[in-house]
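Have a look at the structure below before the remarks.
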Amino acid sequence: MVGRDRARLFANYAALPIAILLLWQLAGDLGLVKRALLPGPLQVLATLWDLATGASGESGRYSGTLGRHLTASVTRVLAGFTIATVLGVALGTAIGLSRTVERAVDPTLQVLRNIPITAFLPLSILFFGISDQPAVFLIALGALFPTLVNTSFGVKEVGSRFVRAGRMLGVSGASLVTRIILPAAQPAIWTGLRLSLGVAWVLVVVSELIAVKSGLGYLLIDAYQFFRPDVMLACMVTIGLLGYLSDRLLLAVRARALAWNRLETIGG
Amino acid sequence: MAEVRLDRVRKVFGSEGDAVVALDGFDLALPAGTFTTLLGPSGCGKTSALDLIAGFTKPESGTVTVDGRAVERPGPDRGVVFQDLALFPWLRVDENIAFGLRALPAKEADKVKARTDELLEAVGLLLFRRRYPAELSGGMRQRVAIARVLALDPPVLLMDEPFGALDAQTRVLMQEFLVSLWERRPRTALFITHDLDEAVFLADRLCVMTARPGRIKETLTVDLPRPREASIMSSARFHELRDRARVLVREEALRSIQPLSGTKA
């Protein structure tokens with residue numbers, strides 16, 4: 001790549017983030033918002049550094065605690081997302097393949113899907129107590145639906161010619177699902193997984209605000225109670241970056257798995 | 001070697017009211033180890049007959065048998081090369097070819113690999129083994145589809161207009177390729193086509209079907225010598241057979257445009 005192309009690519013990516021950071025900094029400098037309520041990006045960065053390393057004591061009682069909270073949140077997201085993936089793909093496949101299964105479970109699922117997931121929070125705390133379980137339960141439940149709906153859609157869309165070809169080549173029963181139907185339905189399944197992962201990040205924070213005493217959501221609400229907007233913002237930035245990184249990671253895996261599909265579609 | 005028979009077969013599509021009788025009183029025998037081509041006007045039931053042998057559908061009445069055993073379901077003893085190929089787009093060329101081999105019980109990996117290499121070489125795609133079907137030309141995809149089926153060494157080979165989408169030059173090359181593959185290892189074959197040259201060139205027996213509901217109107221014995229090369233298409237006997245087939249097909253094509261009363265269900 002030529003230097004100029006690289007500069008252009010960088011500008012393409014960086015223009016909007018830089019503009020937002022500048023606006024954020026200026027809003028305080030020009031007195032449009034109170035610094036006490038909205039610390040500037042440099043302050044937040046300093047706080048974030050101390051949260052992560054404990055080097056300066058800038059973030060007071062929170063100094064050096066980021067790693068612990070981050071690990072707690074990531075673990076919950078992974079646990080909930082994994083459960084949602086397994087259940088979502090399995091159930092979605094069953095619904096996609098069988099009208100009987102669809103009729104049996106679809107109305108129930110649609111009603112459940114329309115109850116905001118957060119509405120399950122109080123009940124799940126009553127049930128599980130203040131612990132990891134209500135958080136993981138909530139994430140798994142919320143992340144289940146995108147994967148499930150997309151999988152059942154993808155399975156229904158699988159060309160009957162592939163199934164015919166598979167049967168002709170001696171494949172039947174469960175192998176037909178694993179060797180033909182799931183690979184063919186992959187594009188839709190990956191769409192579901194991506195949406196589910198996004199939901200998982202939202203729900204981990206929501207549940208940590210109330211149901212657990214650790215994690216980035218807990219750090220956020222605790223910093224609110226002790227009036228540390230810099231810590232709150234550092235926390236939000238961390239959540240945003242983590243969500244972004246995990247999405248990029250998922251896209252990279254998806255790109256490998258769907259290399260064949262990129263050849264056949266305009267979007268890649 | 002396997003003999004395929006369809007006896008007094010009736011096949012209806014759709015439900016009462018708008019039902020279409022695709023085949024009625026249909027008889028067809030494919031003698032073991034012979035190559036039969038099937039010609040006929042569009043919609044006469046050629047593909048319906050092939051699907052019955054493949055086991056994708058069942059007849060309303062009559063029997064479909066391979067070596068006397070009734071066909072119940074699709075299986076690797078009857079390889080099908082589809083009109084739209086139906087290669088698995090998510091698998092690479094070698095994985096497509098090995099697909100059926102991996103379904104067999106107790107097939108060791110190195111045997112699968114050896115057999116796959118053998119086929120890749122036979123169809124001239126060794127250099128393209130790690131490509132996806134979408135990266136291949138039409139003729140290459142045809143060869144993958146044929147290799148995928150031959151991997152299982154099926155006694156019966158069914159082909160539904162496999163070369164229909166190819167350009168004229170590639171088409172002739174693929175016909176020669178298929179003839180040489182088949183002559184090296186003859187098996188019971190049924191090949192559907194609309195192309196008269198192709199139908200004569202490949203066949204031991206050439207069957208012409210009537211307009212719907214399809215029956216075999218006439219069977220020509222193609223007594224051209226084997227091994228065959230494309231040059232045979234300029235022989236007098238070839239022309240004679242092709243012209244005979246042309247007349248038969250034309251009669252039925254006309255009938256299918258102006259259907260006689262009594263052909264509906």
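Numbered from 1 within each chain, the chains take letters A, B, ... in sequence-line order.
- When heavy atoms are compared at a cutoff of 4.5 Å, Leu87(B) approaches chain A solely by way of its backbone atoms N, CA, C and O.
- For Phe82(B), the part sitting under 4.5 Å from any heavy atom of chain A is the side chain, from C-beta outward, and nothing else.
- Residue contact with chain B, scored on non-hydrogen atoms closer than 4.5 Å, is absent for Leu258(A).
- Residue Glu183(B) qualifies as enclosed at atom CD: its count of foreign heavy atoms under 6.0 Å is above 12.
- Most heavy-atom pairs under 4.5 Å with chain A, from the set Pro76(B), Pro133(B), Pro154(B): that is Pro76(B).
- Residue Ala257(A) does not touch chain B at all, counting heavy-atom pairs closer than 4.5 Å.
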Heavy-atom donor-acceptor pairs under 3.5 Å, chain B with chain A:
from: Asp51(B); atom 1: OD2; to: Arg164(A); atom 2: NH1; distance (Å): 3.4
from: Asp84(B); atom 1: OD2; to: Arg161(A); atom 2: NE; distance (Å): 3.2
from: Phe99(B); atom 1: O; to: Arg179(A); atom 2: NH1; distance (Å): 3.3
from: Phe99(B); atom 1: O; to: Arg179(A); atom 2: NH2; distance (Å): 2.9

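- Residues satisfying the salt bridge (charged side-chain N to carboxylate O under 4.0 Å, His left out) test with Lys46(B), not counting sequence neighbours, are none.
- Residues satisfying the side-chain contact (heavy atoms from CB on, under 4.5 Å) criterion with Leu173(B), sequence neighbours excluded, are Glu176(B).
- Residue Val74(A) is tested with Leu216(A), Val204(A), Leu242(A) for a side chain to side chain contact (heavy atoms under 4.5 Å, CB included); the sole match is Leu242(A).
- Of the listed residues (Ala134(B), Gly75(B), Pro89(B), Ala86(B)), the one with the most heavy-atom contacts under 4.5 Å to chain A is Pro89(B).
- Under 3.5 Å, the side chains of Thr65(B) and Arg5(B) contain no donor-acceptor pair of N or O atoms.
- Using a 30° and 60° split on the angle between ring planes, Trp182(B) and Phe35(B) fall in the perpendicular class, above 60°.
- Considering only heavy atoms from C-beta on, Phe137(A) stays 4.5 Å or farther from Ile83(A) through its side chain.
- Between Phe191(B) and Phe163(B), the ring centre distance stays below 6.0 Å.
- Annotation: side-chain hydrogen bond (donor to acceptor under 3.5 Å, both in side chains) contacts of Thr188(B) (sequence neighbours excluded): none.
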